[in-house]
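These notes concern the structure reproduced below.
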Amino acid sequence: MGRGRVTLKRIENKINRQVTFSKRRTGLLKKAHEISVLCDADVGLVVFSAKGKLCEFATDASMERILERYERYSYAERQLTATDNESHGRWTLEHAKLKCRFELLQKTQRHLKGEDLDSLSLKELQNLEHQIDTALKHIRLRKNQMMFESISVLQKKDKELQNQNNVLSKKVKEVEKDLAAQQPLVEQQNPDKMLHLDPYISAPCQVGGDGVVEKIPGQAQPSIVLPPWMLQHMNE
């Protein structure tokens, strides 16, 4: 007894509907592959499930080329059949092309993120891996270049600071040398004048050349000894 004709209608049972979709989708993809190999035909197949999941097949994984070819033929056919809608058809074609490219870019972005990889073949996965490796090489090269540039700038600043430090050290040494050279001259000009403090009185006193101690009026000062060059400035 032969198999009866199957009535085509929507399968109400959700599980049966999903199983039937999976089986027929596999068979459809197989048939598309067979006709592309046997007949050397360009085949593009796009299937969306009830949940919106995309399943596609394209000869040599060139869906974009097949869609562009379809759009060109479709546009040419519309030109022959609807000359009055030339402008509208042109914008419709442009919109369709842009929409197709946008969807392809979204798909490529998902693949680069590691998403929706189930529909890719081994060759497509290898190409995707090669693209990611190439991008990582460029990123690392740029990162190393920026690090070298930053190190070079820091080394240049360090060298400038060292030069400034050397200049300041040289100036300090020159000032110390000038002060050391001036001190003997001051001592030669005022050899006998120096302020002392009497430990038994609260006012400072001055020792003259004849050895006489004279009190200097003023408030009590701490016990200090002033060098002659400071005495000269105070007397002036």
Side-chain angles (χ1 to χ4, degrees), residues 1-140:
M1 184 175 180
R3 182 180 178 183
R5 184 175 181 180
V6 179
T7 303
L8 295 179
K9 64 178 182 178
R10 184 177 183 272
I11 301 174
E12 298 298 332
N13 187 285
K14 184 176 181 181
I15 297 177
N16 294 339
R17 186 169 62 247
Q18 183 64 31
V19 172
T20 303
F21 174 79
S22 299
K23 290 182 179 180
R24 301 229 173 186
R25 179 189 61 186
T26 303
L28 184 61
L29 292 174
K30 183 178 178 181
K31 291 296 182 181
H33 175 69
E34 289 175 355
I35 192 175
S36 66
V37 174
L38 294 175
C39 303
D40 195 20
D42 288 337
V43 179
L45 175 63
V46 178
V47 179
F48 286 95
S49 67
K51 296 182 179 180
K53 184 177 180 181
L54 171 65
C55 179
E56 63 177 353
F57 170 82
T59 306
D60 296 332
S62 57
M63 178 64 75
E64 183 178 2
R65 180 176 59 83
I66 293 175
L67 290 176
E68 289 180 353
R69 184 178 178 184
Y70 167 77
E71 290 170 358
R72 289 197 303 269
Y73 278 84
S74 178
Y75 177 71
E77 186 178 358
R78 287 196 300 269
Q79 287 291 95
L80 294 175
T81 58
T83 55
D84 295 337
N85 298 326
E86 179 179 357
S87 178
H88 178 72
R90 183 171 60 253
W91 286 110
T92 303
L93 173 62
E94 189 68 22
H95 175 265
K97 291 175 65 176
L98 292 176
K99 185 178 180 180
C100 178
R101 291 180 181 178
F102 177 72
E103 292 177 353
L104 288 174
L105 288 175
Q106 284 186 326
K107 180 181 176 182
T108 303
Q109 185 179 14
R110 290 195 301 270
H111 290 168
L112 291 174
K113 291 181 179 180
E115 301 174 356
D116 297 339
L117 301 178
D118 296 337
S119 60
L120 297 181
S121 63
L122 178 60
K123 184 177 180 181
E124 292 173 340
L125 291 174
Q126 290 175 346
N127 293 335
L128 180 63
E129 183 181 12
H130 178 69
Q131 293 177 2
I132 294 175
D133 290 339
T134 303
L136 285 175
K137 289 180 181 179
H138 289 297
I139 292 172
R140 292 192 183 101

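Along the sequence shown, residues are numbered consecutively beginning with 1. No experiment lies behind these values; they were computed from the predicted model shown.
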Fill in: Exceeds 12 heavy-atom contacts within 6.0 angstrom, atom CZ of R69
no

Worksheet item: Any side-chain heavy atom of L117 within less than 4.5 Å of one from L128?
Response: yes

Item to complete: For the pair F48 and C55, evaluate side-chain contact (heavy atoms from CB on, under 4.5 Å) and give the outcome as yes or no after the intermediate values.
Response: CA-CA 6 Å; F48 286 95; C55 179; over 6 Å; no

Worksheet item: Could you state the interatomic distance from CG (L38) to CG (D40), rounded to the nearest 0.5 Å?
Response: 10.5 Å

Discussion item. Working to the nearest 0.5 angstrom, can you tell me the gap between E94 CD and K99 NZ?
Written reply: 14.5 Å

Discussion item. Applying side-chain contact (heavy atoms from CB on, under 4.5 Å) to L29 and H33, what does each step give before you reach the verdict?
Written reply: CA-CA 6 Å; L29 292 174; H33 175 69; over 6 Å; no

Discussion item. If you compare all heavy atoms of A58 against all heavy atoms of I66, which two are closest, and at what distance to 0.1 Å?
Written reply: CB-CD1, 4.1 Å

Worksheet item: So, does R17 use its side chain to make a donor-acceptor pair with the main chain of I11 at under 3.5 Å?
Response: yes

Practice prompt. Would you please test E115 and Q109 for side-chain contact (heavy atoms from CB on, under 4.5 Å) and show each step?
Written response: CA-CA 9 Å; E115 301 174 356; Q109 185 179 14; over 6 Å; no

Worksheet item: Can you find a pair of side-chain heavy atoms, one from T26 and one from K30, that are under 4.5 Å apart?
Response: no

Item to complete: Mark yes or no for whether E103, through its side chain, and C100, through its backbone, hold a donor-acceptor pair below 3.5 Å.
Response: no

Worksheet entry | Atom pair CG (L125) and CD (E129), whose distance is rounded to the nearest 0.5 Å | 8.5 Å

Response to the item:
Rounded to the nearest 0.5 angstrom, the CD1-CG distance for I35 and L45 is 11.5 Å

Worksheet item: To the nearest 0.5 Å, how far apart are CD in E64 and CG in L105?
Response: 8.0 Å

Response to the item:
Value for CZ (R25) from CG (L28), rounded to nearest 0.5 Å, stands at 10.0 Å

Worksheet entry | Residues R101, E68; criterion side-chain contact (heavy atoms from CB on, under 4.5 Å); working and verdict | CA-CA 10 Å; R101 291 180 181 178; E68 289 180 353; 3.8 Å; yes

Discussion item. Between T59 and V43 (side chain of the first, backbone of the second, donor and acceptor by atom type, cut-off under 3.5 Å), is there such a pair?
Written reply: yes

Discussion item. Check this for me: I15, atom CD1, are more than 12 non-hydrogen atoms of other residues, nucleotides or ligands nearer than 6.0 Å?
Written reply: no

Discussion item. So L67 and K97, do their side chains get closer than 4.5 Å, heavy atoms only?
Written reply: no

